[in-house]
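Comments concern the structure below.
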Amino acid sequence: MKEFMMIFTGADYADLGLSPEELQSRMGKWFAWGDKMEKAGVLRGGKALTPSIRRVSGENRTVTDLTSAEVKEIVGGYYLVEAKDFDHVQDIAQDFPDYDLGGTVEIREIMVFDK
């Protein structure tokens with residue numbers, strides 16, 4: 001088995017103007033998906049990320065503070081999962097709750113280095 005990261009990108013919920021009821025329903029879908037992965041024994045971790053962004057870039061280490069309104073899409077969080085291959089993770093990603101909001105799941109294999 002290999003480890004993969006599913007990275008979730010899309011609009012910030014606050015920017016979408018979701019009602020408190022819609023937010024609660026949306027979070028229920030996230031918790032249900034996480035529970036499903038835990039029961040399947042594939043979930044290894046994950047976190048949601050705030051929409052605040054501090055970017056350090058270039059030789060001069062230029063610092064820029066950004067908000068979700070200033071970027072096209074934000075990384076909203078990630079899950080680490082254990083799976084046999086990309087196809088397996090793609091199957092797991094079918095339950096991602098935010099496809100209907102234009103969200104995206106990027107799947108990346110965790111690189112393993114020999115010591």
Side-chain angles (χ1 to χ4, degrees):
M1 296 293 258
K2 301 174 182 180
E3 281 194 312
F4 294 85
M5 179 178 278
M6 292 189 293
I7 303 164
F8 313 123
T9 59
D12 179 29
Y13 285 167
D15 294 341
L16 296 174
L18 300 178
S19 71
E21 294 80 15
E22 290 170 319
L23 284 172
Q24 182 149 2
S25 172
R26 181 84 31 200
M27 294 315 302
K29 291 176 184 180
W30 276 96
F31 293 137
W33 187 35
D35 289 345
K36 181 178 179 180
M37 286 186 279
E38 280 185 4
K39 288 177 183 162
V42 299
L43 185 63
R44 298 292 173 261
K47 299 286 182 183
L49 302 172
T50 69
S52 299
I53 302 165
R54 175 161 291 173
R55 187 174 288 161
V56 182
S57 59
E59 281 186 33
N60 295 328
R61 277 70 167 181
T62 303
V63 176
T64 308
D65 288 324
L66 303 167
T67 65
S68 59
E70 296 174 283
V71 293
K72 188 175 183 179
E73 59 185 9
I74 62 166
V75 176
Y78 66 92
Y79 277 143
L80 293 173
V81 296
E82 188 173 82
K84 61 183 178 182
D85 56 27
F86 274 100
D87 291 338
H88 185 195
V89 184
Q90 182 179 327
D91 289 342
I92 294 167
Q94 295 304 305
D95 292 328
F96 173 61
D98 287 353
Y99 287 126
D100 63 323
L101 299 177
T104 301
V105 177
E106 180 177 314
I107 301 168
R108 304 281 302 270
E109 185 175 345
I110 304 296
M111 191 177 293
V112 178
F113 294 98
D114 293 329
K115 291 185 180 184

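Start at 1 with the first residue, then count along the sequence.
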Indicate, with yes or no, if [Y] and [X] share a hydrophobic cluster defined by side-chain heavy-atom contacts under 4.5 Å among Ile, Leu, Val, Met, Phe, Trp and Tyr.
X	Y	answer
Ile92	Leu80	no
Tyr78	Val112	no
Tyr79	Val75	no
Trp30	Leu23	yes
Leu49	Leu43	no

Listing request: all side chain to side chain donor-acceptor pair (under 3.5 Å) pairs with a residue in residues 102-111, at least two apart in sequence or in separate chains. Glu106-Arg108
Before accepting this row, confirm whether a basic side-chain N of the pair Asp95/Lys36 lies closer than 4.0 Å to the acidic partner's carboxylate O. yes
Below 4.0 angstrom, N of the basic side chain to O of the carboxylate: do Asp100 and Lys29 qualify? no
Side-chain contact, heavy-atom cut-off 4.5 Å: Arg26 with Tyr13?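 Result yes, sub-4.5 Å side-chain heavy-atom pair found.
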Heavy-atom neighbours of Gln94 CD exceed 12 at 6.0 Å: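 Yes, enclosed.
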Could you walk me through whether Met37 and Val81 satisfy the side chain to side chain contact (heavy atoms under 4.5 Å, CB included) test, starting with their C-alpha distance in whole Å, then the side-chain angles of each, then the deciding distance to 0.1 Å, before giving a yes or no? CA-CA 8 Å; Met37 286 186 279; Val81 296; 3.9 Å; yes
To the nearest 0.5 Å, tell me how far [X] [atom1] sits from [Y] [atom2].
X	Y	atom1	atom2	result
Glu82	Glu3	CD	CD	6.5 Å
Thr9	Ile74	OG1	CD1	9.5 Å
Asp85	Lys2	CG	NZ	7.0 Å

Got a sec, which residues hit side-chain contact (heavy atoms from CB on, under 4.5 Å) with Arg54, two or more places apart in sequence or on another chain?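 Arg54 satisfies side-chain contact (heavy atoms from CB on, under 4.5 Å) with Val63, Asp65 only.
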In terms of ring plane angle, is the pair Phe8 and Phe96 parallel, tilted or perpendicular, where the classes change at 30° and 60°?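 Because their plane-to-plane angle is under 30°, the rings of Phe8 and Phe96 count as parallel.
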Backbone N or O of [Y] within a donor-acceptor pair of the [X] side chain at under 3.5 Å?
X	Y	result
Asp98	Leu101	no
Asn60	Thr62	no
Trp33	Ala93	no
Glu22	Ser19	yes

For Asp35, what residues pass the salt bridge (charged side-chain N to carboxylate O under 4.0 Å, His left out) criterion, not counting sequence neighbours? none
Let's go through Phe86 and Ile107 carefully: what are the C-alpha distance in whole Å and the side-chain angles of both, what is the deciding distance for side chain to side chain contact (heavy atoms under 4.5 Å, CB included) to 0.1 Å, and is it a yes or a no? CA-CA 7 Å; Phe86 274 100; Ile107 301 168; 3.6 Å; yes
